[in-house]
Amino acid sequence: GENVEQHPSTLSVQEGDSAVIKCTYSDSASNYFPWYKQELGKRPQLIIDIRSNVGEKKDQRIAVTLNKTAKHFSLHITETQPEDSAVYFCAAHQGAGTALIFGKGTTLSVSS
Amino acid sequence: EAGVVQSPRYKIIEKKQPVAFWCNPISGHNTLYWYRQNLGQGPELLIRYENEEAVDDSQLPKDRFSAERLKGVDSTLKIQPAELGDSAVYLCASSLDGRASEQYFGPGTRLTVT
């Protein structure tokens, strides 16, 4: 089955810096890769996703890149703000008939 | 549009007691998921429904866990009897269908078994 590895487990940056979180997946059949943000005690919220036919996707300060050959994808947050502090989860989906497989999460701390 | 609704938000029970969680998915979403999230971990799938049919329950501990989704809308997840190791957040999510489509999570039920 699919396995998703996520690094780093914790990340501390200064406000205004960039943050990068990386994930690798094992099954080349995976074709959908969402990223979720979870604040303490809150629900996971979908912030951006990418499908296997696209190499990069941007939404304001966040972007996701996908390298299908290497089977890894990354979340990039630019101009970080204190409100970006949260746990971020990557996930991989193999399509119809399967479920999302999540990474173990990255705790991002943005200090002002 | 209302999001995924779950209740209760918190539940504290003694071990060996039963407990039930309820989920109302986003209107029109045919696929419903129950996940368990242990502290410091990502969500792990327990069961997935396509309409009223459980299509993936391979990770559901069937000796003590059960679930149903009558009429293909609301769903209930039950644990009987609860064990200390069941303490976790139980998340419900829904999506339009079971393909690679966006999943939206509810706020979860935080279960503490003492």
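Below, all heavy atoms of this structure are taken into account, side chains as well, without hydrogens, waters or symmetry copies. Quick caveat, the model's predicted, so the values are computed rather than measured. Chain letters run A, B, ... following the sequence lines, proteins first, then strands; residues in each count from 1.
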Peer 1: Answer with yes or no whether the hydrophobic clustering places B/Y49 together with B/W22; edges join I, L, V, M, F, W, Y residues whose side-chain heavy atoms lie under 4.5 Å apart.
Peer 2: no
Peer 1: Give, for atom OH of A/Y36 and atom CD of B/E102, the distance between the pair rounded to the nearest 0.5 Å.
Peer 2: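 Spacing of OH (A/Y36) from CD (B/E102) equals 8.0 Å.
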Peer 1: Could you tell me whether A/E2 atom CD has more than 12 heavy atoms of other residues or ligands within 6.0 Å of it?
Peer 2: yes
Peer 1: Tell me, yes or no, whether the heavy-atom count around A/E83 atom CD, taken from other residues, nucleotides or ligands under 6.0 Å, exceeds 12.
Peer 2: yes
Peer 1: Around B/E44, counting heavy atoms of other residues, nucleotides and ligands shown, do more than 12 lie under 6.0 Å from its CD?
Peer 2: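 Open.
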Peer 1: If contact means a heavy atom pair closer than 4.5 Å, which residues of residues 41-48 of chain A contact chain B?
Peer 2: A/G41, A/R43, A/P44, A/L46
Peer 1: Using the rule that two of Ile, Leu, Val, Met, Phe, Trp, Tyr join whenever any of their side-chain heavy atoms come within less than 4.5 Å, decide whether B/Y33 and B/L77 are in one cluster.
Peer 2: no
Peer 1: In residues 104-112 of chain A, which residues are in contact with chain B at a heavy-atom separation under 4.5 Å?
Peer 2: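 Counting heavy atoms that sit under 4.5 Å from chain B, the residues of residues 104-112 of chain A involved are A/K104.
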Peer 1: When hydrophobic residues are tied together by side-chain contacts of less than 4.5 Å, even through go-betweens, does B/F21 share a cluster with B/V89?
Peer 2: no
Peer 1: Pair A/Y32, B/Q103 - check side-chain contact (heavy atoms from CB on, under 4.5 Å), show working.
Peer 2: CA-CA 11 Å; A/Y32 174 64; B/Q103 290 186 26; over 6 Å; no
Peer 1: Evaluate the side-chain proximity of A/L100 to B/Y35: yes if any heavy-atom separation is below 4.5 Å, no if none is.
Peer 2: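 Yes, close enough: below the 4.5 Å cut-off.
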Peer 1: Could you tell me which portion of A/I101 (side chain, backbone, both or neither) has an atom closer than 4.5 angstrom to a non-hydrogen atom of chain B?
Peer 2: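 Contact with chain B: none, neither part.
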Peer 1: So what's closer than 4.5 Å to chain A heavy atoms on B/Q37: side chain, backbone, both or neither?
Peer 2: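 For B/Q37, the side chain is the part near chain A, not the backbone.
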Peer 1: Assess whether atom NZ of B/K62 is packed by more than 12 heavy atoms of other residues, nucleotides or ligands within 6.0 Å.
Peer 2: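 Yes, enclosed.
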Peer 1: Under a 4.5 Å heavy-atom cutoff, which of B/G42, B/P43, B/G108 has the most pairs with chain A?
Peer 2: B/P43
Peer 1: For the CD atom on A/E56, are there more than 12 heavy atoms of other groups (residues, nucleotides or ligands in this structure) within a distance under 6.0 Å?
Peer 2: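 Atom CD in A/E56 is crowded, with more than 12 foreign heavy atoms closer than 6.0 Å.
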Peer 1: Establish whether B/L46 and B/F105 are linked, either directly or via other cluster members, by ILVMFWY side-chain heavy-atom contacts under 4.5 Å.
Peer 2: no
Peer 1: With the 4.5 Å side-chain cut-off for hydrophobic clustering, are B/L84 and B/Y90 part of the same group?
Peer 2: yes
